[in-house]
Each structure stands twice: as C-alpha cells, then as structure tokens.
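Take a look at the structure set out below.
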Number of protein chains: 2
Amino acid sequence: MTPHNKKIPRMSIERLPIYYRTLCNLADNGYLRIKSAQLGKIIQIEPTTIRRDFSYFGDLGKSGYGYDIAHLIQIFGEILEVNETQGLALIGVGNLGRALLINNFRRNPNLEIVSAYDADPHVIGETINEVTIQSLNELKEDSQTQAIKGVISTVPSHAFQEVVDYLVACGITSILSFAPEPVHVPKNVHVRYLDLTSEVQNLLLLSDIAEV
Amino acid sequence: MTPHNKKIPRMSIERLPIYYRTLCNLADNGYLRIKSAQLGKIIQIEPTTIRRDFSYFGDLGKSGYGYDIAHLIQIFGEILEVNETQGLALIGVGNLGRALLINNFRRNPNLEIVSAYDADPHVIGETINEVTIQSLNELKEDSQTQAIKGVISTVPSHAFQEVVDYLVACGITSILSFAPEPVHVPKNVHVRYLDLTSEVQNLLLLSDIAEV
DNA sequence: CCATTTTTGTTAATTAAATCACATTTATAG
DNA sequence: CTATAAATGTGATTTAATTAACAAAAATGG
Ligand SMILES: NC(=O)c1ccc[n+]([C@@H]2O[C@H](COP(=O)([O-])OP(=O)(O)OC[C@H]3O[C@@H](n4cnc5c(N)ncnc54)[C@H](O)[C@@H]3O)[C@@H](O)[C@H]2O)c1
Ligand SMILES: NC(=O)c1ccc[n+]([C@@H]2O[C@H](COP(=O)([O-])OP(=O)(O)OC[C@H]3O[C@@H](n4cnc5c(N)ncnc54)[C@H](O)[C@@H]3O)[C@@H](O)[C@H]2O)c1
C-alpha cells in the first residue's frame with residue numbers, strides 16, 4: 001500500500017499538533033510503541049479516527065504491533081517543521097502579551113517570539129526575556145532582516161484592524177489574535193482567533209444543555 | 001411557522017457567542033436592523049448558515065426586512081444567560097492567570113472571576129483587582145457559599161490532573177484549561193482546552209499548505 | 001392597491017467528518 | 001512452521017454540517 005494521494009481533510013491536519021505533543025510525551029516517558037486504542041484513550045479520540053488520520057501521512061503502522069513512536073514523531077515533526085525555528089512577532093505587550101513573552105513557548109523549542117512591538121512609549125525599550133520591545137513601525141524592516149513566520153496579536157480589539165493592515169503591508173500572512181474583532185484581509189492572509197469569551201460562554205452553555 | 005423542535009446542532013450553538021457579540025457591537029453603534037448578508041460579511045459566515053442557525057432559536061426575522069438587532073440580542077442573551085452573573089474561579093495565578101484576573105472579562109459584564117487560587121505561598125494573600133488569592137483547598141467551602149459556574153485553569157500541565165480531580169470532588173463541572181494536558185474526568189464534567197501551541201502550529205501549517 | 005424587489009426560512013442537495021466492519025497483515029506462542 | 005491473536009488500513013456507511021435553490025412573506029414604490 002502506498003500513501004494516499006487524496007486531499008488531507010482539514011480536521012486531520014488540525015489534530016496533528018495534539019498527536020505530535022502526545023507522542024513526544026510518551027517518548028519522554030520511555031515508551032517505544034503505541035496502539036491506536038491506547039492513544040485514543042489518552043487523548044479521547046476514537047482509535048479509528050486516529051488510524052485514518054495517520055493513514056493520510058503514509059503507511060505508518062504495523063498490523064498486530066501498532067505504531068513506532070519515534071517514527072511517528074519523525075514524520076509528524078517533519079510536517080510541523082519542528083527542526084527549523086519558527087520565528088514569531090508579538091504585537092501588543094500588555095498584561096497578556098507579557099505573559100506570552102515571559103513564557104515564550106518554553107516547551108516548544110522551535111517556536112520562538114523573536115521580536116515584540118507596542119504603541120505605548122512607556123513600554124518601548126523595555127527588555128523582557130531577551131526581547132526588546134520596539135515601536136510597531138520597526139516591524140517592516142525587521143521582517144526583511146529576520147524570518148518572521150507569523151504574528152501573535154494581543155492588542156485591543158479597537159486597534160486590531162489597523163494593526164492587521166500594517167502587518168499585511170509588511171508581507172505577514174499568518175496572524176493569531178486574542179482579540180475577537182473580525183478583520184478583513186486579502187485571501188492569502190490567514191487570521192485565527194483565540195476567543196476566550198466565546199470559549200467560556202460555550203463551556204457554560206454546553207454544560208447547561210446537559211450532555212447527550 | 002413555529003420554532004424548530006429538532007436538536008440544535010453543536011456548531012450552531014458554538015457560533016452563538018460570536019453572533020451575540022457582533023450584534024451588541026452593532027447595537028452600540030446605533031444600528032437597529034441587520035440582514036443575514038450584511039452580518040455574513042462582517043463575521044465571514046455564509047448568510048445561509050446564519051439564517052439556518054437563527055432558525056433554530058425561533059422565527060426571528062422578517063422577509064424583505066431582515067432581523068431586528070435588539071430582538072436577536074434579547075433572544076441570544078437569554079440563552080447565554082447574560083442577565084445573571086456567571087461566577088468563575090481562577091486556578092493558578094502565574095503570569096497568564098494574572099493577566100486574566102487583571103482584565104477580568106471587563107467587556108463582558110456577566111462574566112466575573114470571583115475567586116482565585118494558587119499553590120505558591122508567596123502568591124497567596126495577594127489581592128489583584130479586588131480578588132484575594134487563596135489556597136486551593138479553600139475552594140471547596142467557597143463553592144458552597146458562592147455560585148461558581150466554572151473554572152479557568154492556568155496551572156502548569158504537570159499539575160493539571162491533580163487540580164482537576166480536586167475540582168471534580170468540589171462539584172465543579174465546567175473547566176477551561178490553558179494547559180493542553182489531557183485529563184480524565186467523569187462524563188458529567190466538561191473540560192475545554194485553549195491550546196496556544198496547537199493554534200500557532202496550525203496557523204503556520206495551514207499557511208504552508210497554500211489555500212484552496 | 002398592485003407590481004416589483006428584497007429577504008427570510010426551509011427542503012433538497014452537497015460536502016465533509018466520523019465510525020463501522022472486516023479483509024489483510026504481522027506478531028507471537030507452541 | 002502453523003495456528004491463533006492482535007491490530008492496521010480502508011471501502012462502505014452513517015452522521016453532521018454546509019450550501020444551493022426557491023417558495024412564501026413582507027416591504028417598497030409607484
Ligand atoms: N487579558 C485578558 O484576560 C484577555 C482576555 C480575552 C481577550 N483579551 C484580548 O487581548 C487584548 C489584550 O489584553 P491585555 O490584557 O494584554 O490588554 P492590555 O491593555 O494590558 O494590553 C494591550 C497592549 O496593546 C498595546 N497596543 C494598543 N494599541 C496598539 C497598537 N496600535 N499597536 C501596538 N500595540 C498597541 C497597548 O499599549 C498595550 O500594551 C484585549 O484587548 C482583548 O482583546 C484579553
Ligand atoms: N504563558 C504562556 O505563554 C502560556 C502559553 C500556552 C500555555 N500556557 C499554559 O498555561 C500555564 C500557565 O502559564 P503561566 O505562564 O501563567 O505559568 P506560571 O508558572 O507563571 O504560572 C503557573 C501558576 O500555577 C501555580 N500552580 C502550580 N501548581 C499549582 C497547583 N497544584 N494548584 C494551584 N496553583 C498551582 C503556580 O504557583 C503559578 O503561580 C502553563 O504551564 C501552560 O501550560 C501558558
């Protein structure tokens with residue numbers, strides 16, 4: 001059997017980071033192999049969903065044996081490009097941005113906030129975790145001299161569209177926002193939202209609507 | 001036509017908070033009515049999806065007119081229970097938890113972190129934004145004297161299962177975690193994850209796999 | 001008041017995701 | 001080496017979500 005050539009479903013890709021992280025944890029704990037049923041127990045995904053997901057990335061398992069954890073990590077790590085540093089820029093170093101910068105993806109060696117920007121003159125010039133906060137208009141030049149693969153924005157909603165317009169002008173195409181303000185961008189630019197309020201509201205809602 | 005009696009799809013419920021927020025913004029800006037097509041433009045959802053979603057909650061629109069914004073806000077607000085304060089507890093007041101507590105859902109008058117807990121004696125006793133940080137084992141009593149509708153956890157992954165076990169013992173059934181550690185809970189307990197690393201990895205991935 | 005336009009709500013069609021079910025492969029034990 | 005057990009990978013099926021298409025309803029403009 002050869003690897004699929006069908007288009008890989010969006011949801012299978014979305015689950016890759018979870019697979020990757022879980023497999024790394026297992027490897028760290030000395031495990032060498034895993035069966036879809038065991039993995040499913042850990043991350044609460046049906047084994048059959050796991051097997052189908054994996055099948056999109058090649059013939060990764062062995063019948064009667066399971067999957068070699070190191071091999072899965074190798075394959076998934078390649079897709080996630082964990083062997084090259086993915087430089088990120090942080091826009092808005094308020095309370096939330098500061099927390100992200102202090103942590104700076106400690107657990108993910110290949111993700112790194114390499115530069116940070118703010119509009120507040122009181123904040124500009126301050127150094128946190130070896131990153132010196134700059135004025136946002138320095139980003140254009142920075143993005144030419146260093147690889148910035150994406151941006152995390154923790155600016156307030158009211159500033160977000162304006163910031164995004166500037167980022168787009170700088171050639172940034174991947175933006176993750178903590179402000180839920182919907183923005184308009186060219187279709188080659190991707191904006192994802194991490195919407196805390198919606199998450200909390202849904203959490204409370206789905207508990208109310210007592211489970212199936 | 002009468003309201004549906006079919007089961008409301010998960011995804012329609014998931015979108016409610018976004019509808020609600022957007023409609024409130026429109027109302028704040030003086031708008032009185034909205035058409036599914038306009039709303040779709042703003043939040044990037046197909047008008048037909050919006051109309052179908054709305055239809056689950058009653059006969060809310062008028063042909064040739066659109067939807068009355070105040071009416072939608074009323075209906076959706078009721079479902080989201082925005083008129084009763086939803087008390088939340090915060091567990092883990094490190095850098096991230098602190099940012100959440102300082103903000104404390106400023107923009108959402110009905111969501112409120114009413115108590116905060118940590119394990120670190122240096123942190124316990126400190127007051128942030130009128131909330132005094134307590135030892136986690138105070139939560140059991142607190143949850144009996146004040147309504148805690150849900151918990152936000154910003155404790156490190158390695159502590160999360162232990163914290164969750166305690167929360168479950170206290171009768172908490174809704175938990176939002178910033179640590180991606182998968183935990184086991186009874187099936188009446190809901191855990192949602194806000195997984196920053198996965199979001200970033202997917203953001204970069206989906207940009208690589210150049211858009212459809 | 002009537003004709004035209006707009007826009008909803010929903011049935012039908014489509015697309016996407018998850019799951020079932022099982023033939024096939026490999027491991028293992030005797 | 002063979003028989004048995006275990007687990008994968010994938011067609012077939014089911015379930016869920018989205019989108020298309022359009023009849024019916026309401027508004028608007030003579
Ligand atoms: N903190 C939370 O609990 C929380 C929760 C949910 C969502 N959010 C979202 O994240 C945003 C940030 O939260 P926060 O608590 O860090 O707020 P904050 O006010 O502490 O920080 C915002 C930062 O953005 C900077 N900024 C403003 N306009 C800018 C611009 N045009 N360019 C560059 N920087 C600019 C400000 O100077 C400030 O440092 C919030 O507005 C909200 O939309 C925060
Ligand atoms: N900060 C980030 O950028 C970031 C990004 C992604 C995910 N996260 C997740 O959020 C978690 C918290 O992030 P942070 O930056 O605030 O870390 P942090 O270390 O600053 O804060 C963690 C807090 O949890 C407390 N704690 C530890 N064990 C506890 C227990 N058993 N009971 C109660 N409190 C306990 C600690 O005392 C500390 O105050 C991280 O471990 C990570 O899993 C953080």
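By convention in this document, chain letters (A, B, ...) are assigned in the order of the sequence lines, proteins followed by strands, and residues within each chain are numbered from 1. The figures that follow rest on heavy atoms only: side chains count, while hydrogens, waters and symmetry mates do not. Predicted model, so just to flag it, every value in this text is computed and none were measured.
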[X] has an atom [atom1]; how far is it from atom [atom2] of [N], in whole Å?
X       : N      : atom1 : atom2 : answer
A:Met11 : D:dA16 : CE    : P     : 15 Å
B:Leu60 : C:dG9  : CG    : C1'   : 11 Å
B:Tyr56 : C:dT11 : OH    : C1'   : 12 Å
A:Asp59 : C:dT24 : CG    : P     : 15 Å
A:Ile50 : C:dA18 : CD1   : C1'   : 13 Å

I'd like to check the salt bridge (charged side-chain N to carboxylate O under 4.0 Å, His left out) partners of B:Arg33; sequence neighbours left out, ordered by chain and number.
none

Do the side-chain N or O atoms of A:Arg51 get closer than 4.0 angstrom to the phosphate oxygens (OP1, OP2) of D:dG9?
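It does not, given that no N or O in the side chain of A:Arg51 lies less than 4.0 Å from OP1 or OP2 of D:dG9.
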
Check whether any side-chain N or O of B:Ser12 sits under 3.5 Å from a backbone N or O of B:Ile8 as a donor-acceptor pair, and report yes or no.
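Judged by distance alone, no pair lies under 3.5 Å.
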
A:Leu111 backbone acceptor or donor facing A:Asn108 side chain under 3.5 Å:
no

Any salt bridge (charged side-chain N to carboxylate O under 4.0 Å, His left out) involving residues 87-110 of chain B? Give me the pairs, sequence neighbours left out, ordered by first then second residue.
B:Arg98-B:Glu126

Looking at residues at least two apart in the chain, or sitting in another chain, which of them share a side-chain contact (heavy atoms from CB on, under 4.5 Å) with [X]?
X       : result
B:Thr48 : B:Glu46, B:Arg51
B:Lys41 : none
B:Gln38 : B:Ile34, B:Lys35

Looking at residues 15-26 of chain B, who's got a heavy atom less than 4.0 Å off DNA chain D?
B:Arg15

For DNA chain D, determine which residues of residues 34-49 of chain B have any heavy atom closer than 4.0 angstrom to one of its atoms, and list them numerically.
B:Glu46, B:Thr48, B:Thr49

Closest listed nucleotide, where the reference is the side chain of B:Arg33 and the choices are C:dA17, C:dT10, D:dT28
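Of the candidates, D:dT28 comes closest.
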
What are the two closest non-hydrogen atoms of A:Asn129 and A:Leu101, and how far apart are they?
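For A:Asn129 and A:Leu101, the tightest heavy-atom pair comes out as ND2-O, 2.8 Å.
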
Residues from residues 62-80 of chain A lying under 4.0 Å of DNA chain C - heavy atoms:
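By residue number: A:Lys62, A:Ser63, A:Gly64, A:Tyr65.
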
Between the protein and nucleotides 12-15 of chain C, list every N/O to N/O distance that falls short of 3.5 Å.
{"from": "C:dA12", "atom 1": "N6", "to": "B:Arg52", "atom 2": "NH2", "distance (Å)": "3.4"}

If you look only at distance, which donor and acceptor atoms sit under 3.5 Å apart when one is on a side chain in residues 80-96 of chain B and the other is two or more places apart or in another chain?
{"from": "B:Gln86", "atom 1": "OE1", "to": "B:Lys149", "atom 2": "NZ", "distance (Å)": "2.9"}
{"from": "B:Gln86", "atom 1": "NE2", "to": "B:Glu81", "atom 2": "O", "distance (Å)": "3.3"}
{"from": "B:Gln86", "atom 1": "NE2", "to": "B:Glu84", "atom 2": "O", "distance (Å)": "3.1"}

Can you tell me if CD on B:Gln146 sees more than 12 non-hydrogen neighbours from other groups inside 6.0 Å?
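Buried by this count: over 12 neighbours within 6.0 Å.
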
Listed by chain and number, what are the side-chain hydrogen bond (donor to acceptor under 3.5 Å, both in side chains) partners of B:Glu138, not counting sequence neighbours?
none

All N/O donor-acceptor pairs, side-chain side in residues 64-76 of chain B, below 3.5 Å, sequence neighbours left out:
{"from": "B:Asp68", "atom 1": "OD2", "to": "B:His71", "atom 2": "N", "distance (Å)": "3.1"}
{"from": "B:Gln74", "atom 1": "NE2", "to": "B:Glu78", "atom 2": "OE2", "distance (Å)": "2.6"}

Say whether B:Thr22 and B:Tyr20, considering side chains only, have a donor N or O and an acceptor N or O under 3.5 Å apart.
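Side chains of B:Thr22 and B:Tyr20: no pair found under 3.5 Å.
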
